[in-house]
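Positions are given from 1 along the sequence. The structure displayed is predicted, hence computed values, not measured ones.
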Amino acid sequence: MKLLLFSLLSFITGAMSPGEPQGADLLFVGDAMQHQAQLDAARDVAGGRGYDYSDCFTLIAPEVTAADYAVCNLEVPLGGGPDYTGYPCFSAPDSYATALKDAGFDMFLTANNHCLDRRDKAARRTIAALDSLGVDHVGTFHDAADRNAKVPFIKDINGIKVGFLNYTYGTNGIEPRDGVEVALIEKDRMADEIRRTREAGAEIVVVAIHWGIEYVLLQNRSQEEIADFLVDQGVDLIIGGHPHVIQPMKVVRNEKENKDVLVVYSLGNFISNMKTADTRGGALVRARIERGPDGVARFKSADYDTFLSAKPTGPGTNFMVIPSWMPDRIPVGQKDHWTIFDRGASRIFDTHNVNVPRRHK
């Protein structure tokens, strides 16, 4: 009789056999930028016929694909060309997103301050291009009706229903002209969408958020206040970007719901042509979610690693994300940049992280 009851409970909750907890590993990286030098390098690699990014992510790809679900912040519109541009108004070719997908990224975040750089037309084209690639995306929508239809977005990851939401503080003062919807940091709207995501069956809720002050290595009071608000709304993972430098990661306690919550204030740049020491690399964070013996799915633990966004070493070479555990792959002329970046990042993480250790020592 007890065996029958356990089997019935396992069927209802999706729980696995004892000693084999049902769980999933989520991976997040920060801002995938596309500056003019990156466009020039990709065109050079392609021999002037298109843009080739196939080498950019080969070293980090095994780590990305090892995760059950991987998320990056696409901080460029896919404008469709032919006039692709870098800062201050970005527009990248579709092959850039294709390379990110090929590296193993499952979801692209699109709510950021550059999402309207090429106005409504490119914002809508970005959505269509990501749809054509068959990747998930949240944050921008064709119009209000599209947002209402697509939120909540819930993904079944190893039997755990995970809801994803994405918000930005703004769009560099560029307003939609033709009804495009950008998910902004508006507390009432966020609370409503979080609630709807729960009601639609999400067991874990992830909020990816574009916030903070650029180039500042510690979060500010506004970020902390918004994080507290999201924790109070029952969010399980809060993943931040925008400052282009890393900021601390913490596991905090939601006493009301008796659960731990991961707060990542900024993962920094994933790939870019930024030049100051703190912007030359970034961090990835892995978050483990598991269903407990009581059948409830919870955030379990997290760890992080760092990487360098290495610049081309000569004609025909490209930008490349080089993980911290592959120091031998860092170009000789960029080892000092890596050392300065990683020491600075380690100092911040060692001093301010709470229960989010580094995996590769």
Side-chain angles (χ1 to χ4, degrees), residues 26 28-35 70-78 87-90 92 97 100 105 107-118 122-123 126-127 130 136-141 147 150-151 153 163-176 180-187 189-191 193-194 205-231 233 235 237-249 262-272 274 278-279 282-285:
L26 311 182
F28 302 87
V29 302
D31 305 333
M33 309 299 295
Q34 184 68 173
H35 294 98
V71 181
C72 68
N73 174 47
L74 182 67
E75 196 153 354
V76 286
L78 303 174
Y87 182 84
C89 286
F90 294 107
L100 288 163
F105 288 102
M107 167 169 280
F108 292 64
L109 308 172
T110 59
N112 54 66
N113 57 305
H114 288 288
C115 65
L116 292 181
D117 277 5
R118 290 296 189 93
T126 301
I127 294 169
L130 296 177
D136 299 332
H137 54 90
V138 291
T140 55
F141 309 89
R147 180 174 182 176
K150 292 179 179 176
V151 176
F153 176 88
F164 291 88
L165 296 162
N166 176 211
Y167 303 97
T168 178
Y169 74 92
T171 54
N172 291 345
I174 302 173
E175 298 292 333
V180 161
E181 273 281 309
V182 178
L184 299 175
I185 298 174
E186 300 167 326
K187 287 184 177 179
R189 189 68 181 267
M190 290 193 297
E193 292 185 338
I194 292 166
V205 175
V206 179
V207 170
I209 190 162
H210 214 67
W211 60 1
I213 305 299
E214 290 182 333
Y215 317 119
V216 177
L217 289 162
L218 293 176
Q219 73 277 9
N220 59 27
R221 181 60 200 140
S222 175
Q223 288 169 275
E224 292 175 342
E225 191 272 333
I226 294 168
D228 289 345
F229 168 79
L230 293 172
V231 171
Q233 301 305 308
V235 171
L237 282 77
I238 302 165
I239 309 294
H242 172 62
H244 302 302
V245 297
I246 60 91
Q247 292 180 343
M249 312 171 184
L262 175 64
V263 180
V264 176
Y265 284 108
S266 176
L267 289 169
N269 288 328
F270 180 51
I271 190 168
S272 81
M274 290 189 174
D278 292 331
T279 65
L284 61 83
V285 64

Discussion item. Please evaluate residues Thr140 and Thr126 with respect to the criterion side-chain contact (heavy atoms from CB on, under 4.5 Å), reporting the C-alpha separation (whole Å), side-chain torsions for both, the decisive distance (0.1 Å), and the verdict.
Written reply: CA-CA 9 Å; Thr140 55; Thr126 301; 5.9 Å; no
Worksheet entry | Any donor-acceptor N/O pair, Trp211 side chain to Tyr265 backbone, under 3.5 Å | yes
Worksheet item: Counting only N and O atoms by type, is there a donor-acceptor contact under 3.5 Å from the side chain of Thr279 to the main-chain atoms of Val245?
Response: no
Practice prompt. Take Phe90 and His35, measure what side-chain contact (heavy atoms from CB on, under 4.5 Å) needs, and give me the verdict at the end.
Written response: CA-CA 7 Å; Phe90 294 107; His35 294 98; 3.8 Å; yes
Discussion item. Has Asn269 got a side-chain atom pairing as donor or acceptor with Gly282's backbone, closer than 3.5 angstrom?
Written reply: no
Worksheet item: Do side-chain atoms of Asp31 reach the backbone of Met33 as a donor and acceptor pair under 3.5 angstrom?
Response: no
Worksheet item: Does the gap between the ring centers of Phe28 and Phe105 come in under 6.0 Å?
Response: no
Worksheet item: Just by modelled atom types, is the Ala111 backbone N or O under 3.5 Å from a matching donor or acceptor in the Asn166 side chain?
Response: yes
Worksheet item: Just by modelled atom types, is the Val216 backbone N or O under 3.5 Å from a matching donor or acceptor in the Gln247 side chain?
Response: yes
Item to complete: May I ask you to check whether over 12 heavy atoms, not counting those of Ile213, lie within 6.0 Å of atom CD1?
Response: no
Discussion item. Between Glu225 and Lys187, does any side-chain N to carboxylate O distance fall below 4.0 Å?
Written reply: yes
Worksheet item: How far apart are the C-alpha atoms of Phe229 and Met190, what are their side-chain angles, what is the distance that settles it, and do they pass the side-chain contact (heavy atoms from CB on, under 4.5 Å) test?
Response: CA-CA 10 Å; Phe229 168 79; Met190 290 193 297; 4.1 Å; yes
Worksheet item: For Cys72 and Val29, what are the C-alpha separation, side-chain angles and deciding distance, and is it a side-chain contact (heavy atoms from CB on, under 4.5 Å)?
Response: CA-CA 5 Å; Cys72 68; Val29 302; 3.6 Å; yes
Worksheet item: Step by step, would you call Asn112 with His242 a side-chain hydrogen bond (donor to acceptor under 3.5 Å, both in side chains)?
Response: CA-CA 8 Å; Asn112 54 66; His242 172 62; over 6 Å; no
